[in-house]
Amino acid sequence: VSKTLNIPLEELKRYLNQNNNHIQIKAKEAKEKVISAVNLLKLQGEKITAYKVAKTAKVGYNTARKYLAEIGSSFGL
C-alpha cells in the first residue's frame, strides 16, 4: 500500500535543510574529537591505530577510520 504525505514543498525543504545542518555539525564534532585523540596519543607516544583513536575519542571505529584517512597526511600517519 502506497501512502503519500501532504507536506508543502517549502516545509519539506526547510526540514531537510535543518537535518542536513545537524549532520554537518555532528560530522565536524566527530572530526575534532578524532584530531584531539590523535594529538593525545602522539603526546603519550602511543601507536596511532583506528581502534585506539576510536576508543580515545569515543567515536565509532568506522568514524575513526574515515577521519584518520582524511587527516593522516597532516599528522604524518
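Treat the numbers as computed from the prediction; the structure is a model and nothing was measured.
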Listing, residues 50-63 side-chain donor-acceptor contacts under 3.5 Å, not counting sequence neighbours, or none:
unit_1: Lys52; atom_1: NZ; unit_2: Glu46; atom_2: OE1; d: 3.0
unit_1: Thr56; atom_1: OG1; unit_2: Lys52; atom_2: O; d: 2.8

Side-chain donor-acceptor distances from residues 22-35 under 3.5 Å, at least two apart:
unit_1: Lys31; atom_1: NZ; unit_2: Glu70; atom_2: OE1; d: 3.2

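Here Ile7 contributes atom CD1 and Arg14 contributes atom CZ; the two are 11.0 Å apart, rounded to the nearest 0.5 Å. A distance of 4.5 Å separates CG of Leu41 from CD1 of Ile48, quoted to the nearest 0.5 Å.
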